[in-house]
There are 2 protein chains.
Amino acid sequence: MQLGEEDIVLKTISDVAKLAGVSRASVSRVINNVPTVNEEIRKKVLKAMDELGFIPNVSARNLRTKQTKTIAVIVPLISNTFFSRLVQTMGIEAEKLGYKLLICQSRNIEKDELSFLDLLKTRQVDGVVMASVRNSWKKIKNYLQYGPVLMCNESFLDEEADIPSIKIDHEYGGYIAAQYLIKQGHKRIAFCISGDDSRSGLERKKGFLRAFQEFEIPFDESFVMNNAFDIESGREIFYQLLGLHERPTAVFTGSDEVAVGIISEANKNGVKVPEELAVVGFDDNPIAKIIQPSLTTIYQPIDDIAKTSIECMVQVLKGEKDFSSIKSVNLSIRLIKRESA
Amino acid sequence: MQLGEEDIVLKTISDVAKLAGVSRASVSRVINNVPTVNEEIRKKVLKAMDELGFIPNVSARNLRTKQTKTIAVIVPLISNTFFSRLVQTMGIEAEKLGYKLLICQSRNIEKDELSFLDLLKTRQVDGVVMASVRNSWKKIKNYLQYGPVLMCNESFLDEEADIPSIKIDHEYGGYIAAQYLIKQGHKRIAFCISGDDSRSGLERKKGFLRAFQEFEIPFDESFVMNNAFDIESGREIFYQLLGLHERPTAVFTGSDEVAVGIISEANKNGVKVPEELAVVGFDDNPIAKIIQPSLTTIYQPIDDIAKTSIECMVQVLKGEKDFSSIKSVNLSIRLIKRESA
DNA sequence: CTTATCCGAGAAATCGATTTCTTGAACCAA
DNA sequence: TTGGTTCAAGAAATCGATTTCTCGGATAAG
């Protein structure tokens, strides 16, 4: 028993009704601002609520109204700066619109991802925004019947996948990065990806390869570097690049962190950036300007992605928009030229 | 009406009971693994649940059990790397212990902070971890009657504040930073703080000043830099430092980001670090190793702080520990010497 | 063989709101 | 005066679980 616990008696709507001398229904009407309620009754109820320090029990309301005013967002891990920025803006936007944001970290584990989607089934959240997808379309599809699921900066390669997505054009991002490097005379360009189950990574690769095709340059699959997701993995990749029998003259990473890890290690090993190794990142993270040489990268409108996703989800939840009518949107990106390439 | 919405009929415990030919109570017993339930009944219920694809409604359970298995954590903004790391670990730890973590961003707004504490009153969360505090002890105190509130890396200067805190010793951190710089011969050292309502910042300042006293060096209050919280503000502070009539030879910041902003701008302006301006950070963020020159900083055991906070909260919520019996803990920190000082 | 005890499962109450249904007063028209 | 509307407010049902209460059968003790 906690100290003072016995003193706390949470007041219910019935207590308020009794004190005000009205019915529970009337109290509920006052709480929910039903306009037809008589001014005198409203006053009595308000006074009673105030006297008792009444606070409505949200679980009871959730049960009855079948909604929780909560949106879940699934990300791999939140400490990655892209995701922390994304989730920060989503949280603020959700708050503004009267919703709570439940942040779920899947750690890229398929099973965990699904267990977070279960929040929909168990009615703990009203909708889910997936900023990370590892499961197949077939698995995800099943959840759509329980509530709206929105993709955020991710999508399915699967042609038949029919789900809206708020994202940037990753394919185009890969394309302009490769094009820029090729035009600077590079022919051996490495490509970094977090894993072969990264949807956005694969799309970037698609665009990347398209540029190679367009310029009729062959691409060597051994130049694909896996497990690239943070500074530390960037460091390791630098050494892998060194070890390749034909060393690439440039590298394109799916995140600024990886790029920074590579540059940092290059600096330590006396490999000159960009002369001996050009580096292009992705995101335009604050460290892109800090690192020396500063990082050429592809700017992503994170706040836009976040805001649009939440706005869209809330519109659906409020019934202002039909889920099936949501159009996927591609937000624009651009190459930011700095010193590293 | 959404497509297919009319098809979804969520099954309830009554449906399961009917199909299995048992009472609702028995179904509930099976769900909650009550050991006394007959094996045959258990099987029938399990089979029925499976057949119907039954998923329990959590709002109903929450209402009845008066708990939500959710912990709220209040942070200023999540994109700050310290807080994103903190919250990442908290989230994973909470998940492990069967709890959800609701991340609340106060943006250092007092009113918002209180409105998140209201989640306790409305029974939307079982407990609150405050990793950011702007309100006075008097205000916070009122919420303790509604559930456990734990401080995380923050505390009240107010002597009578009686609330447990899992934190590092900020005072000591400020002390060792100042001591280190003073021993290197610095006498004019600037001190950065996010604002004069930052509890942890004020504690660091206390320790910082203690070192000055110990070495009998006067401290000039004009060397206190306010509004220091991210890279950008670090940049601005660099120029403020330049503008001081007697330029400091060293600066101690409350976060690595601020330090990095200062160093970055120093590099651009040809001010040599550490020769002309020594810099000491706080946290040991990954960028501390990346920046050139690398950053001397004070290591904080973020994961420890996060894990301990959540473990502690869960123990209280599970009734394994009495809230009033929780002891505040000070986790150890240490100076990491690199090139910037 | 009878009575006391135990125990598992069903019946019913409960959590605290919202929402539907019902009622009676007020008002108007015939 | 009577019958028909209208409408605000009260009564009761409802959301979907958990938990307490109750009961009857099985077992043990006398």
Side-chain angles (χ1 to χ4, degrees), chain A residues 8-46 48-49 52-70 118-124 126 146-147, chain B residues 8-46 48-49 52-70 118-124 126 146-147:
Chain A
I8 317 160
V9 184
L10 280 177
K11 301 304 177 179
T12 73
I13 207 172
S14 300
D15 299 319
V16 177
K18 205 185 296 171
L19 181 62
V22 302
S23 71
R24 306 213 307 274
S26 291
V27 177
S28 175
R29 291 189 189 104
V30 171
I31 295 172
N32 294 291
N33 285 315
V34 173
T36 58
V37 48
N38 184 291
E39 195 50 38
E40 200 175 331
I41 287 194
R42 180 182 305 280
K43 264 190 205 155
K44 279 199 287 187
V45 169
L46 255 23
M49 290 196 342
L52 295 175
F54 168 78
I55 302 278
N57 180 315
V58 173
S59 293
R61 174 181 296 163
N62 289 348
L63 172 60
R64 187 65 238 231
T65 61
K66 293 173 187 298
Q67 51 169 349
T68 59
K69 295 278 183 180
T70 305
D118 279 336
L119 291 167
L120 257 189
K121 280 197 193 173
T122 56
R123 322 257 99 212
Q124 297 188 78
D126 299 340
Y146 300 107
Chain B
I8 319 161
V9 183
L10 279 178
K11 301 304 177 178
T12 72
I13 208 171
S14 300
D15 299 319
V16 176
K18 208 185 294 169
L19 181 62
V22 301
S23 71
R24 308 214 306 275
S26 291
V27 177
S28 175
R29 291 190 190 103
V30 171
I31 295 172
N32 293 291
N33 286 315
V34 173
T36 58
V37 50
N38 184 290
E39 196 50 38
E40 200 174 331
I41 288 193
R42 181 182 304 277
K43 266 190 202 154
K44 280 200 287 187
V45 169
L46 255 23
M49 290 195 344
L52 295 174
F54 168 79
I55 302 278
N57 180 315
V58 173
S59 292
R61 173 180 298 163
N62 288 349
L63 172 59
R64 186 64 237 230
T65 62
K66 294 176 187 297
Q67 51 171 348
T68 59
K69 296 275 182 183
T70 304
D118 279 336
L119 291 167
L120 256 189
K121 279 197 194 176
T122 55
R123 321 259 100 210
Q124 297 188 78
D126 299 340
Y146 300 107

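A, B, ... follow the sequence lines: proteins, then strands. Residue 1 opens every chain. Being a predicted model, the structure only gives us computed values, none of them experimental. Any value given below was found using the heavy atoms of this structure, including those in side chains, with hydrogens, waters and symmetry copies removed.
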Taking the side chain as everything from C-beta on, heavy atoms only, tell me whether A:V27 gets closer than 4.5 Å to A:R24. no

Angle between the two end axes of the helix from C:dC1-D:dG30 to C:dA30-D:dT1, five base pairs per end, rounded to 10 degrees? 60°

Just wondering, more than 12 heavy atoms not from B:K11 lying within 6.0 Å of its NZ? yes

If you check the A:T12 side chain, which of D:dT19, D:dG10, C:dA17 turns out closest? C:dA17

Could you check how far CG of A:L10 sits from P of C:dC15, rounded to whole Å? 13 Å

Nucleotide C:dC15, atom P - distance to NZ of A:K11 in whole Å: 14 Å

Could you tell me whether the side chain of A:T12 reaches within less than 4.5 Å of the side chain of A:N57, counting heavy atoms only? no

Using the side-chain heavy atoms of A:S26, tell me which of these nucleotides is nearest: D:dA9, C:dA17, C:dG10. D:dA9

Can you tell me the distance, in whole Å, between the CD1 atom of B:I13 and the P atom of C:dT14? 18 Å

Check whether any side-chain heavy atom of A:R42 sits under 4.5 Å from a side-chain heavy atom of A:N33, and report yes or no. yes

B:N32 side-chain N/O to B:V34 backbone N/O, donor-acceptor pair under 3.5 Å: no

Within residues 54-70 of chain A, the residues having a heavy atom closer than 4.0 Å to DNA chain D are A:L63, A:R64, A:K66

A:L52 has an atom CG; how far is it from atom P of C:dG16, in whole Å? 14 Å

Within the structure provided, determine whether B:R123 and A:L10 are in side-chain contact (heavy-atom separation under 4.5 Å). yes

Nearest heavy atom decides the nucleotide; on that basis, is B:G21 or B:R24 closer to the 5' end of DNA chain C? B:G21

Under 4.0 Å, heavy atom to any atom of DNA chain D: which of residues 29-40 of chain A qualify? A:R29, A:T36, A:V37, A:N38

Count the heavy atoms of every other residue, nucleotide or ligand shown that sit under 6.0 Å from CD of A:E39, and state whether that count exceeds 12. yes

A side-chain contact here means heavy atoms from C-beta on lying under 4.5 Å apart; do A:F54 and A:I31 qualify? yes

Find the distance A:K18:NZ to D:dA9:P and express it as a whole number of Å. 21 Å

Between A:Q67 and A:T65, do the side chains contain a donor N or O and an acceptor N or O under 3.5 Å apart? no

Do you know which two heavy atoms are closest between A:L120 and A:G147, and how far apart they sit? CD1-O, 3.9 Å

How is A:V22 classified with respect to the nucleic acid when contacts are heavy atoms under 4.0 Å: base, sugar-phosphate, or nothing? sugar-phosphate

4.5 Å side-chain heavy-atom contact, B:V45 and B:V22: yes

CD of B:Q124 versus P of C:dA17: gap in Å, rounded? 12 Å

